[in-house]
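Notes for the one structure printed next.
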Amino acid sequence: MSENLIGYIDDQGKIIDTQSAGENCTATPIEYDNSDASLEIVRHSTAHLMAQAITELYPKAQFFVGPVVDEGFYYDFRVDETIGEGDLKAIEKKMKELIKKKYKIEKYEMSKAEALEKFANDDLKQKVMERIEDDILSVYKQGDFEDLCRGPHVPALRFLHNFKLTRVAGAYLGGDEKAEMLTRIYGIAFADKETLKAHLHMLEEAKKRDHRKIGAEMELFMFDESAGPGLPFWMPKGAKLRYKLESILHKAHLTRGYEPVRGPEILKADMWRTSGHYACYGENMYLTTIDEQEYGIKPMNCLGHIQVFKQTPKSYRDLPLKYYEYGVVHRHEKSGVLHGLFRVREFTQDDAHIFCEPDQIAAEVLEVVEFVDSVMKLFGFEYSMEVATKPEKAIGEDAVWDVATQGLKDALDGNNLPYTIDEGGGAFYGPKIDIKITDAIGRKWQCGTIQVDFNLPERFEVEYVAADNSRKQPVMIHRAILGSFERFIGILTEHYAGEFPFFLAPTQIIFVPISDSHADYAYGLKKKLLLEGIDSEVYDKNDSLNKRVRNAEKQRVPYVVIVGDEEVKNNTVAIRDRRNKEQYNLTQDEFMVKLTKQLQEGKI
RNA sequence: GCCCAUAUGGCUCAGGGGUAGAGCACUUCCUUGGUAAGGAAGAGGUCGUGAGUUCAAGUCUCACUAUGGGCUCCA
């Protein structure tokens, strides 16, 4: 038996640890390394080692569950003391001490009845066992420490050298908001020191891309305590960036047959009652009273678009009719979930509603999916799609839901587009396809969404005249591609680490005149560029040339352009191309052609 | 909302009971320099807010506010 054998993996991909496998196990051996199977065992055992250390430091600690997760492992437990980040070091130290004791990890089994008896004094273990259906339970033992556990585990503690406890957090027992809150400690483990170090380094690098940090450095956006949480302010640089993104999207909508509309920011509460928002979404809405009338600030833009649609009679010839709006919405998100631009209380959706006949749904959904794809390609994003089904709080009949849900699936299936299912994740008025983007540190964020809705047209008696002169009800497809400008710009910032492509960069060029006498030439160029829709700055402060070049370079601007006697005389520019890391000279005309061409790259 | 942590000039951070420090940024002056920090002088904070303990509080306690890490991944 190899010294590095820590388990086996059978034909079904199930991991069997050495404690469970017999002497003559024929399954494929798992060696101690950084493979997925190996790390799963190692991390699970490290979670146990941590629990053992916590038991020694906090003898009264009671443990709930300690699974392996995507990014390592955690253990949930209850202690009387409060444990902070500062306590992690002590726990790590204790873990290292325990490793030196060279315990073997042993396994034994007992009936569920015996286990219930054995852990009779531990209500958390009782809760764990409630959720287990098996009749035979296993217990793992290392030194004095015993824990009910399904395994798998490494044979001995010596395999657990390379770990790091990363954070301490609170977590509800069983993820239930109404349940007690336990303490959770997260950690990560690898098979060797180098990989652990590399992983921690990667996390550090990801932190540098954090849009909150870059947003402050580049003066894109800000929050203000006196204004309120989750309410972003756009500073000039951020507003320029946003304006560029909006412009790109405007054209993209117009060329795809969408028409702009705009609804009011607040509507009478009765309208929200009719729509179902009051009942299903009321707790997230901001309500106010004006002249003894209750009003609701819009959390969605649908109602405005419906009213516009209803204003004039519509024919089947008008369908599909696509209205779009950069709709500002307000939603009362729980204070604890606010997160930079990713989760705010006021944001602007790139929202559209497509009114169409039922047999047009598939084609329209597909067209939206293609729109999404071209936007994501423009920015080089990986994304995934998810079909979300009927949630607990919902309006409309099941049969209608089934038709709509199937419609979405058919549109994707028919075109071989991969997707997953999010059971119960739909909007209260209909099922949806969510488009999720992965951010710099692997978190997934919902951006675009496509939702089929039979309910609102019915509730608001939306109609069109069909070919046979009868009145029919259109289907509404709600859709957003970026989701919100706030979140999308946050993700873009991390994606590019602030080094936005030319067509998005808030400042596209910084001119550095060598001396005062060259400033006018630079200002002339700046004006010329502005007429082409290109933003530039002239850095003519009284600093040394070297310093100005250095500072300009640090601004994450695509081009730094130096102008001196040479350039003024020949009508040229000396370019420092940051993106391509090269320097070259161009005539003014060549320069303009190059830049206007680059602007075109932002077309979809 | 809940658990834990954090909160010092525009930014990054030091100071841990005796009435505030550094670097960068900012202002003025000198320097007019050909590609990553030239020099000098100066201004700016009562230490998130409010209470409390103390002869004395950024510094200790409590509350509040804001920010950060989490709250699906099932022995």
Side-chain angles (χ1 to χ4, degrees), chain A residues 44 47-48 51 63-71 73-76 78-79 81-88 112 115 119 122 124-134 137-140 147-153 166-186 207 210 212-213 216-217 219 222-230 283 332-340 422-425 512-519 540-554 560-567 574-576 578 583:
Chain A
H44 197 172
H48 268 237
F63 294 88
F64 187 54
V65 298
V68 173
V69 290
D70 288 349
E71 283 292 299
F73 61 85
Y74 68 77
Y75 219 122
D76 283 351
R78 181 201 289 146
V79 271
E81 299 84 349
T82 57
I83 295 182
E85 307 257 319
D87 300 313
L88 296 183
K112 189 165 179 181
F119 295 101
D122 190 333
L124 287 182
K125 283 288 173 238
Q126 298 287 330
K127 284 218 167 61
V128 171
M129 283 185 278
E130 274 172 26
R131 313 201 301 184
I132 304 172
E133 287 171 8
D134 306 352
L137 304 183
S138 54
V139 171
Y140 282 79
D147 197 12
L148 184 74
C149 181
R150 141 181 96 177
H153 283 291
T166 48
R167 52 191 174 237
V168 48
Y172 293 108
L173 197 157
D176 178 2
E177 236 180 280
K178 294 175 195 90
E180 166 191 9
M181 181 152 278
L182 303 174
T183 303
R184 171 177 296 182
I185 296 180
Y186 283 93
K207 260 191 208 161
D210 192 312
R212 293 164 298 191
K213 185 174 150 64
E217 276 170 20
E219 299 183 344
M222 53 176 261
F223 291 91
D224 185 69
E225 189 177 335
S226 48
E283 54 194 32
H332 184 78
E333 302 288 353
K334 287 189 213 162
S335 61
V337 304
L338 300 175
H339 184 108
D422 176 11
E423 214 59 65
V512 178
I514 286 177
S515 77
D516 289 348
S517 59
H518 313 117
D540 60 347
K541 268 192 359 178
N542 186 13
D543 283 324
S544 68
L545 178 66
N546 280 351
K547 184 168 179 177
R548 285 182 293 140
V549 168
R550 174 185 153 83
N551 286 343
E553 281 287 332
K554 283 171 65 184
V560 173
V561 171
I562 316 290
V563 291
D565 285 338
E566 191 83 355
E567 286 72 28
I575 297 174
R576 284 177 72 105
R578 275 180 44 70
Q583 292 189 31

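Chain identifiers are assigned alphabetically (A, B, ...) following the order of the sequence lines, protein sequences preceding nucleic acid strands; residue numbering begins at 1 within each chain.
- Remark: A/Met222 engages A/Asp224, A/Phe233, A/Met235 in a side chain to side chain contact (heavy atoms under 4.5 Å, CB included) (not counting sequence neighbours).
- For B/rG23, the base adopts the anti conformation, since its glycosidic angle falls more than 90 degrees from zero.
- In terms of the side chain to side chain contact (heavy atoms under 4.5 Å, CB included) criterion, residue partners of A/Ser517 (sequence neighbours excluded) are, by chain and number, A/Ser515.
- B/rC26 sits 11 Å from B/rG9 when the C1' atoms are compared, rounded to a whole Å.
- A/Glu217 pairs by the side chain to side chain contact (heavy atoms under 4.5 Å, CB included) definition with A/Lys213, A/Arg556, not counting sequence neighbours.
- The shortest distance between the side-chain N/O atoms of A/Tyr74 and the OP1/OP2 oxygens of B/rC71 is not below 4.0 Å.
- Residue A/His339 places at least one side-chain N or O closer than 4.0 Å to OP1 or OP2 of B/rG69.
- Closest of all the heavy-atom pairs between A/Ala519 and A/Asp540 is CB-OD2, 4.2 Å.
- For A/Arg184, the salt bridge (charged side-chain N to carboxylate O under 4.0 Å, His left out) partners two or more places apart in sequence, or in a different chain, are A/Asp76.
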Pick out the pairs of N or O atoms, protein on one side and nucleotides 4-8 of chain B on the other, that lie under 3.5 Å.
none

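- Among all heavy-atom pairs drawn from A/Val512 and A/Arg548, the shortest one is CG1-NH1, 3.8 Å.
- Nucleotides B/rA14 and B/rG45, compared at atom C1', are 15 Å apart to the nearest Å.
- By the side chain to side chain contact (heavy atoms under 4.5 Å, CB included) test, A/Asp122 pairs with A/Gln62, A/Phe119, A/Leu124, A/Lys125, sequence neighbours left out.
- Interatomic distance, A/Lys541 NZ to A/Asn551 CG, rounded to the nearest 0.5 Å: 7.0 Å.
- In terms of the ring-ring contact (aromatic ring centres under 6.0 Å, His included) criterion, residue partners of A/Phe63 (sequence neighbours excluded) are, by chain and number, A/Tyr75, A/Phe77.
- Take A/Lys178 and apply the salt bridge (charged side-chain N to carboxylate O under 4.0 Å, His left out) test, not counting sequence neighbours, and it matches no residue.
- Using P as the reference atom, B/rG17 and B/rC11 are 27 Å apart when rounded to the nearest Å.
- For A/Arg212, a side-chain nitrogen or oxygen approaches OP1 or OP2 of B/rG68 to under 4.0 Å.
- Considering only side-chain N and O atoms, A/Tyr186 lies under 4.0 angstrom from the phosphate OP1 or OP2 of B/rC71.
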> Where does RNA chain B pair, written as one dot-bracket string 5' to 3', with Watson-Crick or G-U pairs under 3.5 Å, ( ) inside the strand, [ ] for crossing pairs and | for another strand?
Replying inline: ((((((((.[[[[.)..(..]]]].(((((.......))))).....[[[[[..)....]]]]])))))))....
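- Nucleic acid contact for A/Asp224: none, since no nucleic acid atom lies under 4.0 Å from a heavy atom of the residue.
- Base orientation of B/rG70: anti, since the glycosidic angle falls outside 90° of 0.
- In this structure, A/Val68 reaches the sugar-phosphate backbone alone: every heavy-atom distance under 4.0 Å involves primed, P, OP1 or OP2 atoms, never a base.
- Annotation: ring-ring contact (aromatic ring centres under 6.0 Å, His included) contacts of A/Tyr186 (sequence neighbours excluded): A/Tyr74.
- Across the C1' atoms, B/rC60 and B/rG18 are found 15 Å apart, a figure rounded to whole Å.
- When the C1' atom is used for both B/rG58 and B/rA7, the distance is 11 Å, rounded to whole Å.
- Between A/Tyr75 and A/Gly228, it is A/Gly228 whose nearest contact on RNA chain B lies nearer the 5' terminus.
- Counting any heavy atom pair closer than 4.0 Å across all strands shown, A/Arg131 reaches a base atom.
- With P as the reference atom, B/rG15 and B/rA25 are 24 Å apart, rounded to whole Å.
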Tabulate below the donor-acceptor pairs under 3.5 Å that side-chain atoms of residues 81-88 of chain A make, not counting sequence neighbours, or state none.
residue, atom, partner, partner atom, Å
A/Asp87, OD2, A/Gly84, N, 2.7

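- Taking atom P in both B/rC3 and B/rC62, one finds a spacing of 14 Å when rounded to whole Å.
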> Can you give one letter per nucleotide of nucleotides 31-37 of chain B, 5' to 3': B if a protein heavy atom sits under 4.0 Å from the base, S if only from the sugar-phosphate, - if neither?
Replying inline: BBBBBBB
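- Annotation: B/rU19 and B/rU59 have their C1' atoms spaced 12 Å apart (nearest Å).
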